[in-house]
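Working notes, structure below.
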Amino acid sequence: MNPYIFSVILPILATLIFRTNHPKRRGIPVTDGSGDPGVTIRNRRFDSPVETAWEGVSTLVELFEEACRKHDVLRFGSGLAALGHERNERAAIFADTREEWFLALQGCFRRNVTVVTMYASLGEEAICHSLNETEVTTVICGKKELKTLVNISGQIDSVKRVICMDDDIPSDASSVGHGWTIISFADVKRLGKENPVDADLPLPADVAVIMYTSGSTGLPKGVMMTHGNVLATLSAVMTIVPKLGKKDVYLAYLPLAHILELAAENLMAAVGIAIGYGSPLTLTDTSSKIKKGTKGDATVLMPTLLAAVPAILDRVRDGVFKKVNAAGGLSKKLFYLAYERRLQAINGSWFGAWGLEKALWNFLVFSKVRAILGGRIRFILSGGAPLSGDTQQFINICLGAPIGQGYGLTETCAGGTFSDFDDTSVGRVGPPLPCSFVKLIDWSEGGYLTNDSPMPRGEIVIGGPNVTLGYFKNEEKTNESYKVDEKGMRWFYTGDIGRFHTDGCLEIIDRKKDIVKLQHGEYVSLGKVEAALIVSPYVDNIMLHADPFHSYCVALVVTSQSTLEEWASKQEIPYSSFSELCSKEESVKEVHASLVKEAKKARLEKFEIPAKIKLLSDPWTPESGLVTAALKIKREVIKKTFQEELVKLYSS
Ligand SMILES: *[C@@H]1O[C@H](CO)[C@@H](O)[C@H](O)[C@H]1NC(C)=O
Ligand SMILES: *[C@@H]1O[C@H](CO)[C@@H](O)[C@H](O)[C@H]1NC(C)=O
Ligand SMILES: *[C@@H]1O[C@H](CO)[C@@H](O)[C@H](O)[C@H]1NC(C)=O
Ligand SMILES: *[C@@H]1O[C@H](CO)[C@@H](O)[C@H](O)[C@H]1NC(C)=O
Ligand SMILES: *[C@@H]1O[C@H](CO)[C@@H](O)[C@H](O)[C@H]1NC(C)=O
Ligand SMILES: CC(=O)N[C@H]1CO[C@H](CO)[C@@H](O)[C@@H]1O
């Protein structure tokens, strides 16, 4: 038979059969909705919100007991009781992600003890505030965090007991006279083994976690999540990861104080999937805390599943492109050829869809990239911030793994939307999760309306069993953002602006509070402009600043050291340090020109382009408190930190 049939006719036939169909419906409109008027969409598989995926299981404890009846978590729970922790007192977990974190959480759940969580990178003031507000009596932490606790011991009166996850408790900690019982994690388990107590199981409506999030403004707020809330989210995610099973291996490294990671690990444990614990700084062979010649977490564990925030995936992508470009020659040409071919295939051009070609490129080119994350990744869960289209396609192509992109907030217990694994379109966050209703409501002030064409647009409101109870001891803020409708459904008003595509998928397009009105009445969407400008190779991070007292905006730019230094050496500009280079007028001019170029590409208005910029030489990290653990910029903190620079920009 003529091979032509295979290479040309069959793909055309396949295209006709599969592509001329209407786009697959991924979300379904709800007509008998409740609450504020708007456009509501639900998941196509379920007509009422899913609360649990396991029969007879209605709390996280039952889920965990179901998963591992004989585990020594039981000992930790008993030990906690033996230590004198009363049932109605709260315990806090204050540490980086590690096995003990997860075990402590389950031990507390088993005794119906509400767990207060906070990022290990929060500042002292925020930690004091969270521990004080929730009147925590037992803090479970690592030895590094114990030092911070000792530092603030004078301000946290309710704390009586500290359980240290490391055996080598710092000696200066126990000598401080603040009357705490300090004991190691191992000793608590030993105590529990000798004094076993029965479980004291919570009900679905009992609060499981009070999660303090490093919000972008002011002191952190504690979001109260019930067992029912978290379970609804897990159950929903369970339906979305294809073929989740015992053969999978999960690499845990994101902060467990982030709902995405907490939900993911609980799900893995429930299904019986092995969890390996790593850290962001040791993730790959080239991570910053890995000694040359030793192996990173992913290489050793060879995980099949991974959760990630976009910033980390961006880093993997940039690293690969840098390496490819540095290598140059044939291998660079081959890489770009392969990349282009696969991109076309994914984009719907049928020649490249040829399976054999895909296998060939994977073997020749992409297997080396796959090896960076251990070589076995089959699904990546991304959340916490919108993922760029470029990075999504990079992961699809180079790792050969589908990527599920989620949109959700701590307040909705990470429930919201989640993209289908077979959806290769970019820039969208998928249809509603089975546990959520997603509604758009008019925001006329910002010019986003549900009867806009071609797509309804508006503020995103999320409803369902996943929506949390509200902020701890903060009824005012709770009332501002949560509403219960006439049918008893809870809705959270996200402040994000989105639009629905015809197939029921959501796209995030703006953020309400990031919109500032300038002196002459033009609205500037800070997030939109930043997303357009960060593309410049000179920019590592950027914060746009606008205020109603000026007719133009300004920007703080965290400068990419390698790009600027490369430019400087080409221009033969002398400098003694990078910070000096950043302060040079030529540098500012060059970076500004690059920003203007990107702004034009993105068709920004003139008033949206920063008129003046300041180049900063130090990166913004969660440790410095300038970005959140999910690497979102904290506007208020940055504004405060660089107040002088901003004033200078406006007055110069
Ligand atoms: C769990 O603890 C909370 C807070 O102490 C309490 O209100 C609730 O009644 C407890 N649940 C059960 C089933 O005992
Ligand atoms: C915590 O409470 C103590 C005593 O009530 C108080 O002295 C301290 O200032 C409080 N700290 C914070 C951060 O609220
Ligand atoms: C303890 O407090 C001092 C002074 O406020 C500070 O310099 C130090 O970094 C703190 N130590 C820790 C571990 O937070
Ligand atoms: C993908 O397809 C769209 C329209 O079908 C086209 O505009 C775009 O340029 C294509 N991208 C690539 C990389 O081929
Ligand atoms: C919050 O709303 C509830 C119910 O509408 C009301 O009873 C309560 O007083 C409100 N609280 C505050 C602080 O506004
Ligand atoms: C488990 C749980 O929290 N369920 C609640 C989900 O939300 C509905 C109404 O929105 C409540 O009736 C359920 O009790």
Side-chain angles (χ1 to χ4, degrees), residues 34-36 51-52 54 56-66 73-74 76-93 104-117 129-140 158-161 196-212 215 217-232 262 266 411-413 441 461-463 465 467-495:
S34 53
D36 281 347
E51 294 187 20
T52 174
W54 293 269
V57 170
S58 61
T59 63
L60 295 174
V61 193
E62 288 168 36
L63 187 58
F64 198 67
E65 300 249 324
E66 177 87 11
V73 168
L74 312 188
F76 183 80
S78 300
L80 198 59
L83 263 185
H85 186 100
E86 299 284 339
R87 299 193 302 177
N88 56 358
E89 294 176 344
R90 295 184 196 93
I93 307 183
L105 181 79
Q106 300 300 339
C108 289
F109 284 171
R110 198 168 180 274
R111 294 284 301 157
N112 185 21
V113 168
T114 298
V115 176
V116 176
T117 71
H129 169 75
S130 336
L131 294 176
N132 255 9
E133 190 169 71
T134 48
E135 297 159 62
V136 162
T137 57
T138 303
V139 182
I140 305 154
S158 57
V159 174
K160 296 180 195 150
R161 293 165 288 268
V197 292
D198 284 339
D200 188 354
L201 300 185
L203 295 172
D206 285 331
V207 176
V209 178
I210 302 179
M211 186 169 278
Y212 278 84
T217 51
L219 283 171
K221 295 188 291 261
V223 175
M224 295 182 281
M225 302 174 178
T226 64
H227 283 270
N229 289 155
V230 188
L231 185 62
L262 188 98
N266 270 287
E411 287 86 344
T412 61
C413 211
I441 58 168
V461 185
I462 299 178
V467 172
T468 58
L469 294 181
Y471 302 114
F472 186 71
K473 285 191 187 166
N474 198 340
E475 206 175 66
E476 199 188 324
K477 279 262 165 4
T478 302
N479 281 2
E480 268 174 31
S481 314
Y482 292 82
K483 254 192 219 170
V484 182
D485 71 18
E486 67 278 6
K487 284 191 185 165
M489 174 89 75
R490 288 183 72 76
W491 295 92
F492 178 73
Y493 291 68
T494 65

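One-based numbering, in listed order, for ligands and for the atoms of each. Below, all heavy atoms of this structure are taken into account, side chains as well, without hydrogens, waters or symmetry copies.
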Original post:
Is it true that L201 lies under 4.0 Å from ligand 1, counting heavy atoms only?
Top reply: yes

Original post:
So, are K473 and E135 salt-bridged, with charged N and O less than 4.0 Å apart?
Top reply: yes

**OP:** Could you tell me which atoms of ligand 1, counted from 1 in the order shown, lie closer than 4.0 angstrom to a heavy atom of N88?
**Re:** 5 (O)

Does the side chain of [X] reach to within under 4.5 Å of the side chain of [Y], using non-hydrogen atoms?
X    : Y    : answer
Y212 : V116 : yes
E133 : I210 : no
D206 : N112 : yes

Subject >> For D200, all residues meeting side chain to side chain contact (heavy atoms under 4.5 Å, CB included), sequence neighbours excluded >> reply: R87, R111

Subject >> Interatomic spacing from SG in C413 to CE in M224 - rounded to 0.5 Å >> reply: 13.0 Å

**OP:** Write out the protein residues near ligand 5, meaning a non-hydrogen atom under 4.0 Å from one of its atoms, in order of chain and number.
**Re:** E475, E476, N479

**OP:** Return yes or no for this condition: an N or O of R87 is under 3.5 Å from an N or O of ligand 1.
**Re:** no

**OP:** Compute both the distance and the angle, then confirm whether K477 meets the cation-pi test with Y471: under 6.0 Å from the six-membered ring centre, within 45 degrees of the axis.
**Re:** no

